[in-house]
Amino acid sequence: MWTRGYRPMKFSELFCPTLREMPSEAETVSHQLLLRAGYIRKAGAGIYSYLPLAQRVLKKIEAIVREEMDRAGGQELLMPIIQPRELWEQSGRWDVYGDEMFRLLDRHQRYFALGPTHEEIITSLVNGDVHSYRDLPLLLYQIQNKYRDEIRPRFGLMRGREFIMKDLYSFDMDEAGLDVSYLKMYTAYNRIFQRLKLQYRVVEADSGAIGGNESHEFMVLADTGEDAIVFCEREDFASNVEKAACVYRDEGPHEDMREMQKIHTPGMRTIKDLVDFTGEPEQRHVKTLMYFADGQLVAVILRGDRELNEIKLKNVLGCNQLFMADDDSVRSACGAGFGSLGPVGMDIKIYADQEIAGLRNFTCGANEDDYHYINVNPGRDFLPEDYVDIRNAVEGDLCPVCGHPLKAARGIEVGHIFKLGTKYSQAMNATVLDKNGQSVHIVMGCYGIGISRTMAAAVEQNHDENGIIWPIPITPFQVIIIPINVKKQEQMEAALSLYNELQELGLEVLLDDRDERAGVKFKDADLIGIPLRIVIGPKALQENQVEMKKRWENEIYNIAIDQVAGTIMNILKEG
RNA sequence: CGGGGCGUGGCGCAGUUUGGGAGCGCGUCUGAUUUGGGAUCAGAAGGCCGCAGGUUCAAAUCCUGUCGCCCCGACCA
């Protein structure tokens with residue numbers, strides 16, 4: 001149920017510098033509370049020290065992760081943080097990874113990377129010592145610091161430049177083997193997040209730069225999450241909006257096409273300007289975006305109320321590099337600037353979102369500054385290269401499986417699993433001999449859990465105005481005992497005796513033996529988030545009773561001292 | 001990298017516009033009175049005003065440069 005082996009603790013000896021005031025640098029709840037409650041301190045942008053309370057939480061999360069990785073057949077190892085450049089050149093990622101990789105020079109002017117991930121090193125490791133199909137499958141993992149020079153570290157532990165991650169890599173003979181390994185991890189991840197008592201959802205995800213074809217993300221649900229997801233309440237479908245296919249259904253019958261007209265629209269550059277000007281809703285406008293795809297200019301058109309999904313666009317175009325065109329390039333190619341662009345008469349390849357096909361009599365730019373067309377119709381007034389799915393999914397879109405309207409939510413990505421296939425084994429020539437003595441590339445998968453991020457996500461999801469409310473499986477202490485007045489001998493004696501009794505039962509107990517006013521101790525107990533609080537005060541003590549309070553409830557119960565241990569054990573068992 | 005903001009005792013901030021005393025609240029230390037939701041009184045310690053250069057009789061304040069941090073956008077566990 002919980003992990004033993006941590007010494008109980010007296011608050012007077014604990015290094016837990018709580019802050020009365022909110023640190024000004026923190027914006028997000030988890031960042032604020034972890035700082036205020038004395039869990040973390042910043043050493044630099046995106047770089048933190050974990051204080052004793054945080055270390056306890058991290059160790060608990062790690063313990064659960066380890067148990068489930070081992071249960072699924074994983075073997076723990078530890079790989080270096082400092083990795084030679086040559087390995088990264090073999091996989092081609094020395095260049096591809098770009099500025100996000102920390103690089104350093106040794107005294108001989110040789111380059112090294114601070115590992116942002118460990119595919120290269122583990123592939124090379126396995127390649128050196130695994131030669132036969134008899135050695136597979138192999139599941140290897142570690143819990144290690146990772147280094148990514150994030151463009152913008154933020155939200156405390158949520159997006160650090162140094163963070164703790166569990167990463168497991170699977171090695172199989174073939175795709176069928178990979179499917180088995182992937183399923184093992186999928187199952188293990190579900191067990192982990194259930195055991196952590198976090199509300200989460202598994203969503204389909206884009207596999208991004210790491211490569212591969214199938215991928216799921218494990219999202220802890222929180223309004224402050226950086227990712228948007230959509231899910232279906234009826235069917236087994238949930239997806240990151242980056243990935244979610246948008247179902248398009250032609251609603252027909254369509255209104256009659258009217259005659260296209262050019263109108264004067266001085267100074268109007270945004271959809272909102274046009275909505276105000278024409279009185280037509282956003283859905284009856286079309287916006288035009290210009291991109292460079294591997295150096296070639298393309299136009300993209302979407303309904304006015306939609307957001308372009310660059311990942312989808314990149315996949316549709318099959319390009320490596322995609323970025324928005326600058327104003328000068330657009331002007332010289334189209335004869336007008338952003339805000340006045342449109343598909344009519346444009347001799348650049350146009351990719352239209354699939355919804356555009358069903359629009360009638362919409363408004364768009366005329367490729368002439370301060371002019372727009374109204375009553376534009378696809379097919380009649382312009383022909384796109386193709387109609388494609390390139391917008392972000394939103395709430396209310398139809399489920400691709402059952403057609404039911406989708407719900408939207410926000411989430412914190414705490415786990416991500418990928419089927420890599422042979423991307424790295426080919427690049428680094430990692431092979432084994434199969435039963436026929438034939439050399440085949442190893443089929444790989446990789447599976448990450450952000451350990452430090454999970455701690456932050458847990459706080460994000462479990463707190464109130466007074467502080468953190470730890471889920472029992474990861475709380476730094478299960479019980480805090482507060483004698484109201486440590487100078488009253490009978491209170492301290494009762495407290496100490498209870499403290500000893502509970503710790504002998506294997507519980508993690510924090511005894512607040514500080515000579516502080518009761519209010520201070522209550523405030524700190526709430527702030528640092530201990531689930532169960534035992535208060536030893538003069539009134540109840542005369543009756544041989546103490547007060548018990550659950551951090552997530554308001555009620556206070558009086559309990560006979562000799563029943564405290566049993567009551568606590570029951571509550572903890574229920575989790 | 002672009003846009004916005006901030007660097008002044010441990011924390012939160014005022015002071016900068018208009019140059020001339022380094023201040024306030026919290027915390028810390030000592031003593032007393034207190035003791036059930038962040039006590040009160042008395043006393044004390046603690047600051048290269050991010051750093052460098054410049055202007056000036058005089059710079060936290062004006063100028064130049066530089067470093068760091070936070071927030072908004074593209075990356076990801």
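By convention in this document, chain letters (A, B, ...) are assigned in the order of the sequence lines, proteins followed by strands, and residues within each chain are numbered from 1.
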| message | How would you summarise protein contacts on nucleotides 36-49 of chain B per nucleotide, using B for base, S for sugar-phosphate only and - for none, with heavy-atom distances below 4.0 Å? | response | BBBB----------
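Base pairing of B/U16 is not made with any nucleotide, judged by Watson-Crick or G-U wobble geometry with both donor-acceptor distances under 3.5 Å. B/C1 is paired with B/G73 under the Watson-Crick or G-U wobble criterion, all donor-acceptor distances under 3.5 Å. If you check B/G31 for Watson-Crick or wobble pairing at under 3.5 angstrom, you find it paired to B/C41.
A tilted orientation is assigned to the rings of A/Y182 and A/Y447, their planes being inclined by 30° to 60°. Relative ring orientation between A/F193 and A/Y189 is described as perpendicular, the plane-to-plane angle rising above 60° on a 0-90° scale split at 30° and 60°.
Below the 3.5 angstrom threshold, one finds a donor paired with an acceptor across the side chain of A/R159 and the base of B/C75.
Taking atom C1' in both B/A58 and B/A39, the straight-line distance is 45 Å, to the nearest Å. Going from the C1' atom of B/G46 to that of B/G10 covers 9 Å, rounded to whole Å. Using C1' as the reference atom, B/C75 and B/C1 are 13 Å apart when rounded to the nearest Å. Here, B/G50 and B/G7 have their P atoms 8 Å apart, quoted to the whole Å. Rounded to a whole angstrom, the distance from the C1' atom of B/U61 to that of B/G21 is 14 Å.
Nearest nucleotide to the A/E27 side chain, out of B/C71, B/G12, B/C75: B/C71. For A/K487, counting side-chain heavy atoms from C-beta on, the closest listed nucleotide (B/C13, B/C76, B/U34) is B/U34. Side-chain proximity of A/R152 to B/A77, B/G73, B/C11: nearest is B/G73. Side-chain atoms of A/N485 lie closest to B/U35 of the nucleotides B/C26, B/U35, B/C75. Picking from B/A77, B/C13, B/G73 the nucleotide with the shortest atom distance to the side chain of A/R453 gives B/A77.
In terms of the ring pair (Phe, Tyr, Trp, His ring centres under 6.0 Å) criterion, residue partners of A/Y48 (sequence neighbours excluded) are, by chain and number, A/H31.
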| Residues A/E493, A/K488; criterion salt bridge (charged side-chain N to carboxylate O under 4.0 Å, His left out); working and verdict | CA-CA 9 Å; A/E493 277 173 5; A/K488 299 285 188 215; over 6 Å; no
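Contact annotation: the side chain of A/T117 approaches that of A/Y97 to within less than 4.5 Å [non-hydrogen atoms, C-beta and beyond].
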